[in-house]
Amino acid sequence: MSSKNKSLSLKYIKPIILGCITGVFINLILLSLCSFLFSKNGNFPLAIVGPITVCIMVTGAFAGGYICAKISKKDGMIYGLSCGFIIFTVIFFSEIILIGQSISTMVLVKLFSILLSSAVGGIIGVNKAK
C-alpha cells in the first residue's frame, strides 16, 4: 500500500475510531453512574432498567456520531451511521458474552435507536456552526 493510500484510508478511519471510542466511553461512564445510583437506592423497579440503558446507549451513540462527523467535516450521516453500527456491535457482543442475553426484539429496538441517534449526531456535527 502506498503512502498516499495509507493516509487516505487513515483520513476516513480516524474519525470513526475516535467517535466510537467517545461513544463507548460515554456509555461506560453513564452506565456506571446509573449502576452506582441504583445500588445506593436499592429500592427501584426493575422494569426501568431496560429503558434507561437504551436511553444511555442512544446518548453515547449520539455523542459518538457527533464527534465522528465533527472530525471528518463531511458526510455526517454516513460517518454517524458507521460509528453507530460499530457501537451497536460492541454493545451487542458485550451483552452476549457478559450476561448471555438472547437475541430478541429488544436487539432490534437497540439497533434502530442507536443507528438513528448516531446518524442525527453526525448530521448535527457536520452542520454545527464553528
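- Without hydrogens or angle criteria, Ser35 side chain to Leu31 main chain gives no donor-acceptor distance under 3.5 Å.
- Here the CZ-CD1 distance, from Phe93 to Ile97, works out to 7.5 Å after rounding to the nearest 0.5 Å.
- Leu108 and Met106 fall into different hydrophobic clusters, where Ile, Leu, Val, Met, Phe, Trp and Tyr are joined by side-chain heavy atoms under 4.5 Å apart, directly or via other members.
- The structure places NZ of Lys110 at 10.5 Å from OG1 of Thr105, a figure rounded to the nearest 0.5 Å.
- Closest heavy-atom contact between Gly60 and Asn27: CA-OD1, 3.3 Å.
- Closest approach of Ala119 and Met77 over heavy atoms only: CB-CG, 4.0 Å.
- Linking ILVMFWY residues whenever their side-chain heavy atoms come closer than 4.5 Å, directly or via other members, places Ile26 and Ile52 in the same cluster.
- Distance check: Leu28 CG to Ile21 CD1 gives 13.0 Å after rounding to the nearest 0.5 Å.
- Between atom CG of residue Leu81 and atom SG of residue Cys83 there is a gap of 10.0 Å, rounded to the nearest 0.5 Å.
- Tracing side-chain contacts under 4.5 Å through hydrophobic residues (I, L, V, M, F, W, Y), one reaches Ile96 starting from Val90; they form part of the same cluster.
- The side chain to side chain contact (heavy atoms under 4.5 Å, CB included) check on Thr59 picks up Leu30, with sequence neighbours excluded.
- Side chains of Ile124 and Phe62 form a contact here, defined as non-hydrogen atoms less than 4.5 Å apart.
- Of all heavy-atom pairs between Phe85 and Leu115, the closest is N-CD2, 3.6 Å.
- Just one of Pro15, Cys20, Ser82 meets the side chain to side chain contact (heavy atoms under 4.5 Å, CB included) condition when paired with Cys68; it is Pro15.
- Closest approach of Tyr79 to Ser72, counting heavy atoms only: CD1-OG, 3.4 Å.
- Phe36 and Val49 fall into different hydrophobic clusters, defined by Ile, Leu, Val, Met, Phe, Trp and Tyr side-chain heavy atoms under 4.5 Å apart, directly or through other members.
- Between Lys73 and Val126, the shortest heavy-atom contact is C-CG2, 4.3 Å.
- The nearest pair of heavy atoms linking Val58 to Ser113 is CG2-CB, 3.6 Å.
- Taken together through direct or relayed side-chain contacts under 4.5 Å among Ile, Leu, Val, Met, Phe, Trp and Tyr, Val54 and Ile56 form parts of separate hydrophobic clusters.
- The CD1 atom of Ile78 sits 10.0 Å away from atom CD1 of Ile16, with the distance rounded to the nearest 0.5 Å.
- A distance of 11.5 Å separates CD1 of Ile13 from CG of Leu18, quoted to the nearest 0.5 Å.
- Proximity of a side-chain donor or acceptor of Ser118 to a complementary backbone N or O of Gly80 within less than 3.5 Å is detected.
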